[in-house]
Amino acid sequence: MNTDQTFAIVLILIASVVFGTVKVLKGPIGTALSRRLTGSLESHDHDEEVSQLRARVAELEERMDFTERVLLQQPERGQVLTGGEQG
């Protein structure tokens, strides 16, 4: 094998590797990588949304606690009231 043949084989191998890399990076793997690399803005949006949802859940927990306390203060339906009690 002379140097011209070796050069041609190396050139073909390099071209194949470059072509394969470009093909992979333009496909779904490249898209996923680009989203992952630029995902800092998206994760910030998700963090903000999670914070808002946590606040809403906390508010709902407070409302549920209040409702439970109010219901526990009322006499049960069907309970017979005695003497001076009013329902």
Side-chain angles (χ1 to χ4, degrees):
M1 213 193 271
N2 62 22
T3 57
D4 289 337
Q5 289 176 335
T6 305
F7 179 73
I9 290 173
V10 169
L11 187 62
I12 290 171
L13 285 174
I14 290 173
S16 297
V17 168
V18 168
F19 177 76
T21 303
V22 168
K23 193 75 169 166
V24 166
L25 291 178
K26 286 193 171 226
I29 294 174
T31 304
L33 284 173
S34 68
R35 284 186 190 155
R36 182 72 171 181
L37 292 174
T38 60
S40 60
L41 295 176
E42 291 178 11
S43 66
H44 176 68
D45 292 341
H46 291 302
D47 291 343
E48 185 176 326
E49 186 177 356
V50 167
S51 296
Q52 290 173 352
L53 290 173
R54 284 182 178 161
R56 290 182 67 187
V57 168
E59 182 181 341
L60 289 171
E61 286 175 340
E62 289 176 16
R63 288 181 179 193
M64 182 186 286
D65 289 342
F66 174 78
T67 304
E68 287 174 347
R69 284 193 305 271
V70 169
L71 289 174
L72 287 174
Q73 290 175 356
Q74 296 178 354
E76 292 184 24
R77 289 183 180 214
Q79 183 179 0
V80 177
L81 299 177
T82 59
E85 295 181 13
Q86 296 182 7

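What you see is a predicted model; the values in this text were computed from it and never measured.
A continuous path of ILVMFWY side-chain contacts below 4.5 Å connects Leu33 to Val24, so both sit in one hydrophobic cluster.
At a threshold of 4.5 Å between non-hydrogen side-chain atoms, the residues Leu72 and Arg69 do not count as touching. Between Thr21 and Leu25, some side-chain heavy-atom pair lies under the 4.5 Å cut-off. Considering only heavy atoms from C-beta on, Asp65 stays 4.5 Å or farther from Glu62 through its side chain.
Nearest approach of Thr31 to Ser34, heavy atoms of both residues: O-OG, 2.8 Å.
Here the rule is side-chain contact (heavy atoms from CB on, under 4.5 Å) with Leu13, and of Leu11, Ile9, Val17 only Ile9 fits it.
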